[in-house]
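Note on naming: letters A, B, ... go to the chains in the order of the sequence lines (proteins, then strands), and numbering restarts at 1 for each one.
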Amino acid sequence: MKISSVKGTRDFYPPQMAVRNFIADGWKAASRRCGFEEFDGPIFEYLQMYQIKSGDEIVEQLFHLTDRGGRDLAIRPEITPTLARMVNEQINALPRPIKWFSIPRLCRAERPQKGRLREFFQWNIDIIGEESTLADAEVIFCSIDYLRSTGLTPKDVVAKISSRKLLAALLKNLGLAEDKLSVLYPILDKKAKIPAEAFTEMLGKEISDSNVIHTIMKLMDLHNADDIAGLVNLNEDAKTALAQLQDLFKTLNAMGIGEYCRFDMSIVRGLAYYTGMVFEVHDAVGDLRAVCGGGRYDNLLKDFGGPAMTAVGMGMGDCVLEILLRERGILKNDTLATKTLDYFIAVADPTLADKAVELAAKIRQAGFSCEFPYKTGALGKQLKQASGYNARKTIILGQEYIQDRQIIIKDMTTGQQQVIAEQSLSL
RNA sequence: GUGGAAGUAGCUCAGCUGGUUAGAGCAUUAGAUUGUGGUUCUAAGGGUCGGGGGUUCGAAUCCCCUCUUCCACCCCA
């Protein structure tokens, strides 16, 4: 009986695995450049861990299971709770700030669609225990630093940055109650994602004063922080938040990524737990969903039974990123080698087949990659095989070896070849 | 969870309003090529036409169900 793959999952054949590695290697390199340490946790946790922070809705999208001891478990849909758990467990021993990254494999039982599957990889970076905006800047920088390293320019991607703290202060100044804010965030988050009428309608259900709605609409369109004062009076909280944002942009400019960054009040993030800076990186031309998103969250460790400690983090999934990299021509089909060799050994005389095996083993022992043909057919065919394997050099064993113990070394890029004594092969 | 479109060789697809043994290109393997690769030429293998049921003398083609994929919603940790 033939069994197919599960809905929303991917098989990574060597060419796809090469793409996945290309992405993950870039993530790791950027993380390390910016001083993050790698961590990982188990692929499943207690179901309860994911119920703490969120309601039943999220639990419905969990792959959950019961083990033989009757424990309710869930495959991780994100790694942040695991991070919080792990950090809490050793909070007193860990030097601060804690700068960790991870590339977890995650599962969510959602309806698969463009840029979203049921199993995927997500690069996470977090800085825990650092209050200054330098930490916010570092997280944004690292995200952009990666994207920039792939060849994406400010014309391709833009980091839209705002502040929950600023937004909260402004909304309160418009006369909205504190407990109304958490209802408004998910709605405001949709500003750019749904039609204008639908957005106004949703707002109208929560806010009766049409003047307030009008002001909020204008506010959400702001891309220049200086214009805020023209719309809403700035109270102390708003001034503080604004100053922090300006501080952040100053740092981002000093870091040389100012061109990638833009203030954008419409960035809210749907999640309740953000408390400060929020940002998303978007495809500048297309209409893909966000490439990555993140922000500052102050209460997460506490929610998981730890001390109150501020943190700032970012998550970037592999699906949307891959689509973007393909659209920009950075990733093309079959351009990534699935196999490369330092040496391939070709055998021009069948009696030397054993010698090829022996030599290959020696070359491998010296730390180089090497293969030999399992069937010693025509030399042309063996060279074809060497090409297919992306061998840098091919060693040809033939008459020269039988007569004088000499081998031919052919450079597969230039096609040039030289005859040398076997002993002088430098390994 | 809702709506729309599509599933034919490993991949991209053709196959007319139902009519012999379902095709092409690419890929794979073999040969041209028993001492020189990435090009070329020749040949071969590879299909229960996504699966199940129905209509019919006859179904890849028409109808129903189901699975999967893509797109738009919902949601987004």
For a quick test of your reading: what N or O donor-acceptor pairs under 3.5 Å do the side chains of residues 370-380 of chain A make, sequence neighbours left out?
from	atom 1	to	atom 2	distance (Å)
A:E371	OE1	A:K339	NZ	2.7

Check residues 297-309 of chain A and write down every donor-acceptor pair under 3.5 Å in which the side-chain atom is one partner and the other belongs to a residue at least two apart or another chain.
from	atom 1	to	atom 2	distance (Å)
A:Y297	OH	A:D126	OD1	2.4
A:D298	OD1	A:T310	OG1	2.4
A:D298	OD2	A:T275	OG1	3.2

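The minimum heavy-atom distance between A:I125 and A:C142, with the atom names listed, is CD1-CB, 3.6 Å.
B:U55 and B:C11: their C1' atoms are spaced 35 Å apart (whole Å). Atom C1' of B:G10 sits at a distance of 12 Å from the matching atom of B:G47, rounded to the whole Å. Across B:U56 and B:G18, the matching P atoms stand 16 Å from one another, rounded to whole Å.
With a 6.0 Å cutoff to the six-membered ring centre and a 45° limit on the axis angle, A:R164 does not count as a cation-pi contact of A:Y274.
Residues satisfying the ring pair (Phe, Tyr, Trp, His ring centres under 6.0 Å) test with A:F36, not counting sequence neighbours, are none. For A:T80, there are no side-chain hydrogen bond (donor to acceptor under 3.5 Å, both in side chains) partners at least two apart in sequence or on another chain.
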For nucleotides 29-37 of chain B, give me every protein contact, N/O to N/O, under 3.5 Å, one pair per line with atom names.
from	atom 1	to	atom 2	distance (Å)
B:G31	OP2	A:K381	NZ	2.8
B:G35	O6	A:Q399	N	2.4
B:G35	O6	A:E400	OE1	3.3
B:G35	N1	A:E400	OE1	2.8
B:G35	N1	A:E400	OE2	2.9
B:G35	N2	A:E400	OE2	3.0
B:U36	O2	A:K410	NZ	3.0
B:U36	O2	A:Q417	OE1	3.3
B:U36	N3	A:Q417	OE1	3.1
B:U36	N3	A:Q417	NE2	3.1
B:U36	O4	A:Q417	NE2	2.9
B:G37	O2'	A:S387	OG	3.3
B:G37	N1	A:M412	O	2.5
B:G37	N2	A:S387	OG	3.4
B:G37	N2	A:M412	O	2.9
B:G37	N3	A:S387	OG	2.7

Mind listing the N/O atom pairs, protein and nucleotides 3-12 of chain B, below 3.5 Å?
from	atom 1	to	atom 2	distance (Å)
B:G3	O6	A:R111	NH2	3.4

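Counting any heavy atom pair closer than 4.0 Å across all strands shown, A:G8 reaches sugar-phosphate atoms only and no base atom.
Proximity of the aromatic rings of A:W123 and A:Y146 is defined here by a centroid distance below 6.0 angstrom, and this criterion is met.
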